[in-house]
Number of protein chains: 2
Amino acid sequence: MALSRTKSTRTAKAAPSRNTGGTLQAAKAAQTRSRLIEATIRCLVKYGYANTTTPRVAQEAGLSRGAMMHHFENGAALIKATIIELHERRLRAFRRAAEKPEHDVDNLTETYWAQVQKPGFIAFHELAVAARTDKELSDILVPLQEEFRDRFNDQAQALFPEWRSSPEKFDLAMNLSQTILEGMSIAVQTGAMSSEKVPAMLHHLENQIRELMPREQS
Amino acid sequence: MALSRTKSTRTAKAAPSRNTGGTLQAAKAAQTRSRLIEATIRCLVKYGYANTTTPRVAQEAGLSRGAMMHHFENGAALIKATIIELHERRLRAFRRAAEKPEHDVDNLTETYWAQVQKPGFIAFHELAVAARTDKELSDILVPLQEEFRDRFNDQAQALFPEWRSSPEKFDLAMNLSQTILEGMSIAVQTGAMSSEKVPAMLHHLENQIRELMPREQS
DNA sequence: AAATACAATCATTCATGTCTGTTTTAATTT
DNA sequence: AAATTAAAACAGACATGAATGATTGTATTT
């Protein structure tokens, strides 16, 4: 997409009167917006950020580009919306996992491992990499990354209350998990690591976490 | 760059007669090629893959685009050359580190940690991410990734011969190191992780490696 | 009917590869 | 050693394709 490759000369074009008023055919609008966002995610996964263009997204969504511009005043608005959708989806998935009854370490690591292999994470990483050199993108992304880390820690702390006794070890375990699982996903995707190595790594990570816990749990 | 966005209709344009003959003003040519490759790396770091274009690279190198096209018949050739340069640089750096006398674990992990924070690795990751959705790129990159893993393991095995007694643990230690260090570098770059967390992670990794070693070494 | 969803087209910008022309450098000949 | 010549290094301009935001026009809703 390469945000705002062309500078908007026009007078900011009154954003299409976001029809956020609860009860109308605005439901249709929200649905179409959602379709476009989903299409964007698919494009990011299939073609990468560099080749995710507005015509391609429109085609992937089965819409005309004109229709698309009706719902998002420009390409930047679309990927901004995509970012926050991915963020919320990440939080939701994490929340669902936390609500399940079984909370042993193996379960959680494998659940998060499954998460980081799904399209959502791949698309998110495409955007995160792009944001490194795109201020407009990083202005949106960085705060969300921080919020995710906080929620991640909150949830984990709620699940393992006995860990509050040694917060440094807890912090380390969280960072280890995130780094290894996310890093491993990226490494496999980019060919830096063979997928055969994954099980042993997961097993080792689980052991590590248990050793960082304050003595109980299998 | 987005390789070959336009298809070459012309008849393959006899590649500029690579003047690889050892002893001429061909040294100048090699030097200019090198300047262009360095400029490409800088652009990848500064602007990201999506915004690394031939005009920008030429400008960064202080050359005209025409001159650039004289040395690389198209943009794809340039980034291909950049990839193998980065690969060889990675191997060289690794080799240098192995030639130093002191070979304790702490030294090696911190050396590699320093490596993955340098421009070379960042540029390489930009290309690796792009290669995920670009067959032309991955055709070059994937074999090099494999070669790097092999050399990485060979070198490490030469440095710690006593480790041959337990190859699975050795393999795990190598994968752990690569995943954590590279993953952590990316995480910090993209804002997924705060850099404050790095020292504790490094320390933990070093301990892990030592525990995987067959009993000796401090 | 008024507004909103959608479609189609426009002008602009930019990157790409190709082509033509100029300068510099090295090799050959005298 | 000086002059000549050929090739390589470099620069600038061109045509093409594609993506962008803007604009205008049509069909649905409600």
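Numbered from 1 within each chain, the chains take letters A, B, ... in sequence-line order.
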**Complete:** Winner on side-chain proximity to T53(A), out of dG21(D), dA19(D), dT18(C), is dA19(D)
**Prompt:** Centres of the F121(A) and Y112(A) rings: under 6.0 Å?
**Reply:** no
**Fill in**
Atom CZ of R35(B) and atom P of dA9(D) are separated, to the nearest Å, by 13 Å
**Request:** May I have the distance from Q59(B) (atom CD) to dG12(D) (atom P), rounded to whole angstrom?
**Result:** 13 Å
**Message:** Nearest whole Å is fine: how far is dC10(D) P from Q31(B) CD?
**Reply:** 9 Å
**Message:** Are the side chains of M1(B) and C43(B) in contact, using a 4.5 Å heavy-atom criterion?
**Reply:** no
**Fill in**
Of P55(A) and G66(A), the one whose closest nucleotide on DNA chain D sits nearer the 5' end is P55(A)
Show me the side-chain donor-acceptor pairs of residues 139-146 of chain A shorter than 3.5 Å, one per line, residues at least two apart or across chains.
| residue | atom | partner | partner atom | Å |
| --- | --- | --- | --- | --- |
| D139(A) | OD1 | K135(A) | NZ | 2.9 |
| D139(A) | OD2 | K135(A) | NZ | 3.0 |
| Q145(A) | NE2 | T190(B) | O | 3.0 |

**Message:** Quick check on contacts: within residues 127-135 of chain A, what sits under 4.0 Å from DNA chain C by heavy-atom distance?
**Reply:** none
**Message:** Counting only side-chain heavy atoms from C-beta out, which of dC10(D), dA22(D), dA15(C) sits nearest to T32(B)?
**Reply:** dC10(D)
**Item:** M69(A) CE - dC10(C) C1' separation (whole Å)
**Value:** 13 Å
**Message:** So if I take every side-chain heavy atom of H70(A) and compare against dA8(D), dG21(D), dC6(C), which nucleotide ends up nearest?
**Reply:** dC6(C)
**Message:** Whole angstroms only, please: what is the OH-P distance between Y49(B) and dA15(C)?
**Reply:** 14 Å
**Asked** Rounding to a whole Å, what distance do you find between R65(A):CZ and dC10(C):P?
**Response** 14 Å
**Request:** Would you mind reading off the distance between Y47(A) atom OH and dA18(D) atom P, rounded to a whole angstrom?
**Result:** 15 Å
**Prompt:** Out of dG17(C), dG21(D), dA15(C), which has the shortest distance to the side chain of N74(A)?
**Reply:** dG21(D)
**Request:** Verify whether one side chain among N107(B) and D104(B) offers a donor that lies under 3.5 Å from an acceptor in the other.
**Result:** yes
**Message:** Counting only side-chain heavy atoms from C-beta out, which of dG21(D), dC6(C), dG17(C) sits nearest to H71(A)?
**Reply:** dC6(C)
**Message:** Of the options dA7(C), dA11(D), dA9(D), whose atoms approach the side-chain atoms of L63(A) most closely?
**Reply:** dA7(C)
**Complete:** Whole-Å distance, M68(B) CE to dA15(C) P, equals 12 Å
**Prompt:** Which residue pairs satisfy the salt bridge (Lys or Arg N to Asp or Glu O under 4.0 Å) criterion with at least one member in residues 39-48 of chain B, sequence neighbours excluded?
**Reply:** R42(B)-E60(B), K46(B)-E60(B)
**Request:** Please determine, for the side chain of A67(B), which listed nucleotide (dA5(C), dC10(D), dG17(C)) has the closest atom?
**Result:** dC10(D)
**Request:** Kindly confirm or rule out a cation-pi arrangement of R151(B) over F94(B), judged by NZ or CZ under 6.0 Å from the six-membered ring centre and within 45° of its axis?
**Result:** no
**Prompt:** With respect to the side chain of S64(A), which nucleotide from dA9(D), dC6(C), dC10(D) is positioned closest?
**Reply:** dC6(C)
**Asked** Are E206(B) and T109(B) close enough that a side-chain donor and a side-chain acceptor fall under 3.5 Å?
**Response** yes
